[in-house]
Structures are given as structure tokens and as C-alpha cells.
Amino acid sequence: MSDKKIIGKRLRALRGTRNPSDVCYETGISRSALTMYETGQRVPRDEIKVALARCYGTTVEAIFFTD
């Protein structure tokens, strides 16, 4: 599995049952961008990585760096 796909699965799991619109509002990204990140089509820029980590109460490393 590619790194993008692994990251996408992590992002989707972190969102859980939260409304995607709420995550988009909190992070300042579009719904289409969130979908692309969660499906592994794209990896966000560094500032978006930070915003997503804050939104989910975790670290950038925990989400975006694979073991």
C-alpha cells in the first residue's frame, strides 16, 4: 500500500463519525480537498497537516509519517 493510501486511512479513521463539513470549517480546507486526502489521492501541504493534527488532537508525525 502506498504512503498516500496509509495516510488517507489514518485521516479517515481520525475523523470517525465527525461531519466532514465541520472538519473542513475547522481546518479551512474544501470538502473536495478533504476527500482527496482521505482517499490517498493527495497529501496536504505542511500548514494543512498542522491544521488537521490540531483538529484531531494528535501530532503531524502520528498522521503523516509511516513506520
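No donor-acceptor distance shorter than 3.5 angstrom exists from the side chain of Arg12 to the backbone of Glu38, with no hydrogens or angles considered. Put simply, the side chain of Arg15 never gets that close to the backbone of Asn19: no donor and acceptor are under 3.5 Å apart.
To the nearest 0.5 Å, atom CG of residue Leu34 and atom OG1 of residue Thr39 are 9.0 Å apart. Separating the CG atom in Leu11 from the NZ atom in Lys49 is a distance of 10.5 Å, to the nearest 0.5 Å. Rounding to the nearest 0.5 angstrom, the gap separating the OG atom in Ser32 from the CD atom in Gln41 is 10.0 Å.
Between Phe64 and Asp3, the closest side-chain pair of non-hydrogen atoms is not below 4.5 Å. Two residues are said to be in side-chain contact when any heavy atoms from C-beta on lie closer than 4.5 Å; Cys55 and Arg18 meet this criterion. Contact annotation: the side chain of Val23 approaches that of Leu52 to within less than 4.5 Å [non-hydrogen atoms, C-beta and beyond]. Within the 4.5 Å cutoff, the side chain of Thr27 has no heavy atoms near those of the Tyr56 side chain.
Judged as a salt bridge (charged side-chain N to carboxylate O under 4.0 Å, His left out), and not counting sequence neighbours, the contacts of Arg45 are Glu47.
Each of Val43, Ile7, Ile29 was compared with Tyr37 under the side chain to side chain contact (heavy atoms under 4.5 Å, CB included) criterion, and only Ile29 meets it.
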